Number of protein chains: 2
Amino acid sequence: MATISDVAARAGVSTATVSRTLNGKTTVDPALAARVLAAAAELGYRPNGPARNLRKQETAVIALIISDVENPFFTAIARGAEDVAHSAGYSVVLCNSDDNPDKEREYIDVALQERMAGVLLSPSGRSANVEPLLRSGTPVVAVDRPLPGSAGDAVLVDSRLGAKQATAHLAEQGYQRIGCITGPSGVLTADERLAGYREGLRAAKRSTSNALVRRSEFKAAGAKRAAYSLLTQANAPDALLVANNAMAVGVLETMAELELRPGRDVGVVVFDDAPWTTLLDPPLTVVAQPAYDMGTVAAQLLLSRISGERTEATTTTLSAHLVVRQSSSRN
Amino acid sequence: MATISDVAARAGVSTATVSRTLNGKTTVDPALAARVLAAAAELGYRPNGPARNLRKQETAVIALIISDVENPFFTAIARGAEDVAHSAGYSVVLCNSDDNPDKEREYIDVALQERMAGVLLSPSGRSANVEPLLRSGTPVVAVDRPLPGSAGDAVLVDSRLGAKQATAHLAEQGYQRIGCITGPSGVLTADERLAGYREGLRAAKRSTSNALVRRSEFKAAGAKRAAYSLLTQANAPDALLVANNAMAVGVLETMAELELRPGRDVGVVVFDDAPWTTLLDPPLTVVAQPAYDMGTVAAQLLLSRISGERTEATTTTLSAHLVVRQSSSRN
DNA sequence: ATGAAAGCGCTAACAT
DNA sequence: ATGTTAGCGCTTTCAT
């Protein structure tokens, strides 16, 4: 593959001139420039990225470290981030941490080694994995969950408020014993949704018993078991707030097995909208999160940090909104 | 950030010794090695990726160019590819081409510039974008759709057979006028599914009229319109084969609006399984594609090419399988 | 406006 | 077994 020297030789100029014409920093004599362009085209020249990166001490690559792209919520974030990055000339490296601090650390190491320009991170937990990043001065912006130390930029959604509104809505619809299935303790979004649920309960003067709460992984299988345990106990809930979309699948499976109809028998509100939620009978009431926007906003923020913006750390909180459909009403 | 010379100085050895201990190519005196490791740790040394890449003339990065990660089929491919790549020490750069040849070309350019080790590509169309890749000797493996020139490695699924079986199944269930909603002409998977549908029709001696076929983008909106046009015409179909999951959403929306119940009124089989297909009433009969496996197989193949394996081009065809549920039977 | 040359940080001959 | 040294291909002073 042709190098800059090949192009220079062919055009009868120095490598410096080639570099200048191709990068357009300084002005170059039009005649020479034309020769350079022609030579480059003839040779099919493509600048060597690694060489340029080494010389410039910077790369146009960012890492996106999320728990799992197969979760539609993160998929949308990924898409948003990639769109913004791409149009700014950056590439994004996809990293699935599975909420495993060790994997997270591995990916952070890679980002550091490759001198990536920045990282978009949905932190797996309280661990101090991020510290090396910060120490190296690599810009980081947290998505969905804040950085453990809580300093630094973050793009979050107010899921506590979303949960509160959802719970209040359920109460308003006449449900009396509202339960909640949320994620693991320590995962901020899980805890926030639970907190919002409790706030909603208090505001609506409904009973707030731990017997109505279950935790599991943010996955269908765990939620399915949790729903079963909740719905078959004495004094079972007559409504459920479910903390994410994958969990909803499990919960609805259990309900089908128990022949409990959403809405009529057990009111249901779930986090995250999805195309298929309207196809169910009854259609699902959801708390929709602006996932794609989180991706774009986070990427924009990261890019501005990369380009040296030095204002103080910001945390942008987008709002979730309740989309009322029929799974949260009795008829 | 510390360089290899800093480490060498601190350990009182040459940079070559540092490089050797850290990469473990040749054996190094244990005493020296210990000093090197200590020095590296104290300085928080991390090898400079771009420098190493430049020197070695290779990178541990592959590009994954797909039409859209938000499509769950591609999401699963992405996840599979990333898992394999990661455990082999490679990173994957996510590229959404939106089936747009121009974007595809941009991403291929980036891959070339950055001297990525290989590319996993789901080609957007017939265009000759791939040619530069091939010319540069960059390993490429096609996923889901073969490379336009049809040479080269590919990991596909036999969606023609899947479509044929699905159609035959529908016929067996007693449906008479079986229709098909597929993707744009020229997109191989769309054409193959249509071909399989026709084969199935012929095998079952059912009428095979173009009036029962519609094409649209592989998206919900287009499919929704297509379904409407199909189902409201004279001699409307009494069953439908739908070529992907996103389209299924549109089709089912139309059916709901027209108060047509899947199975009883119009038999339905759709491509791609998804967690929610069992939650519908009736549960959807699907042609399940092994998307995650396609990702892993393709990545493995790519990695073997990268490491210099020079056997002839292979095309691996995985099979789709029909999962019969209730949307394809009358009762 | 252009060229010569240094050097980014690393690995791999080559020499010892 | 270890050190010396030459580059990988590029950008960017520094001269001219």
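We name chains A, B, ... by the order of the sequence lines, and we start the count at 1 in each one. Values below: all heavy atoms of this structure, side chains included; hydrogens, waters and symmetry mates excluded. No experiment lies behind these values; they were computed from the predicted model shown.
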Nearest-Å distance, CZ (A:Arg52) to C1' (D:dG9)? 11 Å
Across all chains, not counting sequence neighbours, the side-chain contact (heavy atoms from CB on, under 4.5 Å) partners of B:Ala298 are B:Leu120, B:Val141, B:Val143, B:Val155
Is there a side chain to side chain contact (heavy atoms under 4.5 Å, CB included) between A:Lys103 and A:Ile65? Walk through the geometry before answering. CA-CA 10 Å; A:Lys103 280 188 86 177; A:Ile65 309 179; over 6 Å; no
For A:Glu131, salt bridge (Lys or Arg N to Asp or Glu O under 4.0 Å) partners two or more places apart: A:Arg135
Earlier contact from the 5' end, DNA chain D, for B:Thr27 and A:Met1: B:Thr27
Name all residues meeting the salt bridge (Lys or Arg N to Asp or Glu O under 4.0 Å) criterion together with A:Arg105; count only those two or more places apart in sequence or in a different chain, and write none if there are none. none
Tell me, do B:Asp153 and B:Val140 make a side-chain contact under 4.5 Å, heavy atoms counted? no
Specify the residues of residues 28-47 of chain B, ordered by number, for which at least one heavy atom lies under 4.0 angstrom from an atom of DNA chain D. B:Val28, B:Asp29, B:Leu32
Qualifying residues under side-chain contact (heavy atoms from CB on, under 4.5 Å), relative to B:Arg52, sequence neighbours excluded: A:Gln113, B:Asn23, B:Pro47, B:Lys56
Under the side-chain contact (heavy atoms from CB on, under 4.5 Å) test, residues paired with B:Leu188 that sit two or more places apart: B:Pro146, B:Glu192
Using a cutoff of under 3.5 Å, can you pull out all pairs of nitrogen or oxygen atoms linking the protein to nucleotides 12-15 of chain D, with atom names and distances?
{"unit_1": "D:dT12", "atom_1": "O4'", "unit_2": "A:Arg55", "atom_2": "NH2", "d": "3.2"}

Any side-chain heavy atom of A:Pro50 sitting closer than 4.5 Å to one from B:Thr59? yes
Under 4.0 Å from any atom of DNA chain D, heavy atoms only: list the residues of residues 2-13 of chain A that qualify, in numerical order. A:Thr3, A:Ile4
Does any N or O in the side chain of B:Ser136 come within less than 3.5 Å of the main-chain N or O of B:Thr138, such that one atom is a donor and the other an acceptor? yes
Could you tell me from which nucleotide to which nucleotide of DNA chain C, 5' to 3', there is an atom under 4.0 Å from chain A heavy atoms? C:dA1 to C:dG9
Heavy atoms, side chains only, cut-off 4.5 Å: are B:Asp83 and B:Tyr292 in contact? yes
For residues 109-125 of chain A, which residue pairs qualify under salt bridge (charged side-chain N to carboxylate O under 4.0 Å, His left out), counting only residues two or more places apart or in two chains? A:Asp109-B:Arg46
Between D:dC8 (P) and B:Asn53 (CG): distance, integer Å: 16 Å
Angle by which the axis turns from one end of the helix from C:dA1-D:dT16 to C:dT16-D:dA1 to the other, five pairs per end, to 10 degrees: 40°
Nearest-Å distance, CG (A:Leu22) to P (D:dG9)? 16 Å
Distance-only donor-acceptor pairs under 3.5 Å for side chains of residues 66-74 of chain A, two or more places apart:
{"unit_1": "A:Asp68", "atom_1": "OD1", "unit_2": "A:Glu70", "atom_2": "N", "d": "2.8"}
{"unit_1": "A:Asp68", "atom_1": "OD1", "unit_2": "B:Arg79", "atom_2": "NH1", "d": "3.0"}
{"unit_1": "A:Asn71", "atom_1": "OD1", "unit_2": "A:Phe73", "atom_2": "N", "d": "2.9"}

Where B:Leu302 and B:Pro139 come nearest, the two heavy atoms and their spacing: CD1-O, 3.6 Å
When we call it a touch if two heavy atoms are under 4.0 Å apart, what does A:Asn23 touch: a base, just sugar-phosphate, or nothing? sugar-phosphate
Does A:Glu309 offer a backbone N or O that forms a donor-acceptor pair with the side chain of A:Arg305 under 3.5 Å? yes
So do B:Leu156 and B:Thr315 actually touch side chain to side chain, heavy atoms under 4.5 Å? yes
